[in-house]
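Worksheet: the structure to be examined is printed underneath.
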Amino acid sequence: MNAAIIGAGLIGRSWANVFARAGWNVRVWDPEPRQRSAAARLVEESLHELAVHGLVTEPAAAARRVSVVESLQEAVAEAEYVQECGPEVLEVKRSTFEELDAAAPAGTILASSTSAIVASKFTGHLAGRARCIVAHPVNPPHLVSVVELCGAPWTSEDTKRRAREILEAVGQVPIAVKREIDGFILNRLQVALLTEAFRLVQEGYVSPEDLDHTVSDGLGLRWAFMGPFETIELNAPGGIPDYCRRYTPWFRRYMTDLPPASVWDDAQWQRAADAWGRTPSPGKIAAKSVWRDRRLAALVAHKRAQEPSDSD
Ligand SMILES: NC(=O)c1ccc[n+]([C@@H]2O[C@H](COP(=O)([O-])OP(=O)(O)OC[C@H]3O[C@@H](n4cnc5c(N)ncnc54)[C@H](O)[C@@H]3O)[C@@H](O)[C@H]2O)c1
């Protein structure tokens, strides 16, 4: 099986890892020569890092399945699946998808990694628009497996089904966004949490460090293996209906006091950033991202070693 990765930045390289470790041949292209020349080495390093955690058995063989090519056309020529990972700019997505639709064999799925631009904004003018879909990953997709699949109104059911099958086959966890919505699902959840977090810090209820502990040593521990619905099901003996009956009076009160959008005004977010108190250099951020990826790899290895719940 052949995949094409268009754009070899952070996300494109991580997708190359996902397909290569699953046994696919991967052709990677990026318009920037510097990105092209670094891509193969960086993907190989990430495969070896996974091997340390037992998440890839033959990293060198997987790395050999990745080739970096000189044109978009060459990248997609034999691909069954294309994952676009270019800049988050509408005009660039439009023109890239035009090129992809012209160059890719009929039947090839054209998926975009876009974080926030729905497919109907950049695929409607294409003859092959039925094969276009958003497959929004989470950074880095080779360690965080969920992928939000969201079609435009004209995306075919066959494209949605095949995209899901392919992503499952390479070890990702696709979820279906049933119709287009700004921010898809994950970022809407993230923004809801972040907006409240910024408000609580801005208004002096908590320090940013303690707020982070609330997630890393609180909510996030359960969320690493169960979502909010499954979580609340276990928080009342009678499951979700019992939970809702007990807590909704309080939740309703709280809903009348939600943070306003002005939490994101420059002067407001700056207050939270000041409270955080540090802006690490890009080098430090890169180093800490390596640390994060190691922790994630260990967590993924732990999750894989666990038995699924047998109580359902
Ligand atoms: N970084 C994240 O956390 C994250 C998470 C999920 C989705 N995404 C999405 O993935 C996509 C890529 O993001 P990234 O973080 O890898 O960005 P990035 O800046 O690291 O990489 C973008 C790459 O695209 C290349 N590029 C420039 N013009 C191009 C073109 N016309 N065609 C193809 N490639 C081109 C650049 O040279 C660069 O290598 C974006 O749409 C982004 O919204 C990012």
Side-chain angles (χ1 to χ4, degrees), residues 3-19 26-43 45-46 66 68-77 79 81-104 108 110-123 126 132-150 152 163 167 172-175 177 180-191 193-194 282-283 285-286 288-290 292-293 296:
I5 306 296
I6 303 301
L10 208 57
I11 294 296
R13 296 193 303 266
S14 184
W15 272 116
N17 177 319
V18 167
F19 282 95
V26 185
R27 288 191 191 167
V28 179
W29 174 77
D30 192 291
E32 284 293 324
R34 242 184 35 193
Q35 293 291 74
R36 285 203 301 278
S37 63
R41 175 180 54 80
L42 292 171
V43 175
E45 280 173 14
S46 71
V66 179
V68 179
V69 298
E70 294 295 311
S71 72
L72 175 146
Q73 287 70 20
E74 191 183 348
V76 304
Y81 182 92
V82 176
Q83 185 75 38
E84 177 276 328
C85 308
E88 187 75 353
V89 178
L90 177 58
E91 266 322 302
V92 179
K93 299 284 186 213
R94 277 178 73 89
S95 61
T96 303
F97 268 75
E98 266 169 37
E99 286 189 66
L100 292 175
D101 195 35
T108 303
L110 307 180
S112 173
S113 299
T114 176
S115 303
I117 312 176
V118 290
S120 57
K121 292 206 171 137
F122 59 92
T123 62
L126 302 176
C132 299
I133 192 164
V134 167
H136 171 233
V138 182
N139 183 37
H142 71 281
L143 288 167
V144 183
S145 48
V146 79
V147 182
E148 300 187 278
L149 277 177
C150 183
L167 290 169
Q172 302 301 96
V173 178
I175 67 126
V177 181
E180 291 186 331
I181 179 170
D182 193 18
F184 307 118
I185 307 300
L186 184 140
N187 276 324
R188 294 187 78 88
L189 294 176
Q190 179 158 244
V191 168
L193 184 73
L194 276 176
I285 287 186
K288 191 148 188 190
S289 301
V290 171
R292 177 204 60 199
D293 288 357
L296 277 172

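Each ligand, and each atom within it, is numbered from 1 in the order the structure gives. For the numbers below, each heavy atom of this structure counts, side chains included, while hydrogens, waters and symmetry mates do not.
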What are the two closest heavy atoms between Gly12 and Cys85, and how far apart are they? CA-SG, 3.6 Å
Show the nearest heavy-atom pair for residues Ala8 and Asp30, with the distance to one decimal. N-OD2, 2.6 Å
Run down the list Pro137, Gly12, Gly7 and name the one with the heavy atom closest to atom 6 (C) of ligand 1. Pro137
Please name all residues satisfying side chain to side chain contact (heavy atoms under 4.5 Å, CB included) with Glu91, sequence neighbours left out, ordered by chain then number. Arg94
Any N/O of Leu10 closer than 3.5 Å to an N/O of ligand 1? yes
Only heavy atoms of Lys93, strictly under 4.0 Å: list the atoms of ligand 1 that pass. 40 (C), 41 (O)
Determine whether Glu88 and Thr114 make a side-chain contact, defined as any pair of heavy atoms from C-beta on separated by less than 4.5 Å. yes
Give the residue and atom name of whichever protein heavy atom lies nearest to atom 9 (C) of ligand 1, and the separation in Å to one decimal. Ser113 O, 3.3 Å
Determine the minimum heavy-atom distance between Pro137 and Ser113, stating which atoms define it. CD-O, 3.5 Å
To check your reading of the model: name the closest protein heavy atom to atom 41 (O) of ligand 1, its residue, and the distance in Å. Glu88 OE1, 2.6 Å
For atom 3 (O) of ligand 1, which protein heavy atom lies nearest, and how many Å away is it? Asn139 CB, 3.2 Å
Which atoms of ligand 1 are found less than 4.0 Å from any heavy atom of Gln35? 37 (O), 38 (C), 39 (O)
All side chain to side chain contact (heavy atoms under 4.5 Å, CB included) counterparts of Ile185, not counting sequence neighbours: Glu148, Ile175, Val177, Leu189
Option set Pro140, Pro33, Pro87, criterion heavy-atom distance to atom 28 (N) of ligand 1, minimum: Pro87
For Glu32, the atoms of ligand 1 under 4.0 Å from one of its heavy atoms are 37 (O)
Among all protein non-hydrogen atoms, which one is nearest to atom 30 (C) of ligand 1, and what is the separation to 0.1 Å? Pro31 CG, 3.8 Å
Test your reading of the structure: does His136 have an N or O sitting under 3.5 Å from an N or O of ligand 1? no
Looking only at protein heavy atoms, what sits closest to atom 22 (C) of ligand 1 is Cys85 O, 3.7 Å
What pair of heavy atoms forms the shortest contact from Ser14 to His142, and how long is it? OG-ND1, 2.6 Å
Gly86 to ligand 1: N or O pair under 3.5 Å? yes
Please check this pair: side chain of Thr96 against backbone of Lys93, looking for a donor-acceptor N/O pair closer than 3.5 Å. no
Among protein heavy atoms, which lies nearest atom 31 (N) of ligand 1, and at what distance? Val92 CG1, 3.6 Å
Quick check: closest heavy atoms across Leu167 and Pro174, and the distance to 0.1 Å? CB-CG, 4.1 Å
With no hydrogens and no angle check, do the side chains of Glu180 and Ser120 hold a donor and an acceptor under 3.5 Å apart? yes
Right, does atom 19 (O) of ligand 1 have protein non-hydrogen atoms nearer than 4.0 Å? no
Atom 8 (N) of ligand 1 sits nearest the protein heavy atom Ser115 OG, 3.2 Å
Among Asp30, Ile11, Ile6, which one has a heavy atom closest to atom 15 (O) of ligand 1? Ile11
Within a distance under 4.0 Å of any heavy atom of Gly9, pick out the atoms of ligand 1 and give their elements. 16 (O), 20 (O), 21 (O), 23 (C), 39 (O)
Strictly below 4.0 Å, N to O, side chains only: are Glu74 and Arg27 in salt-bridge contact? no
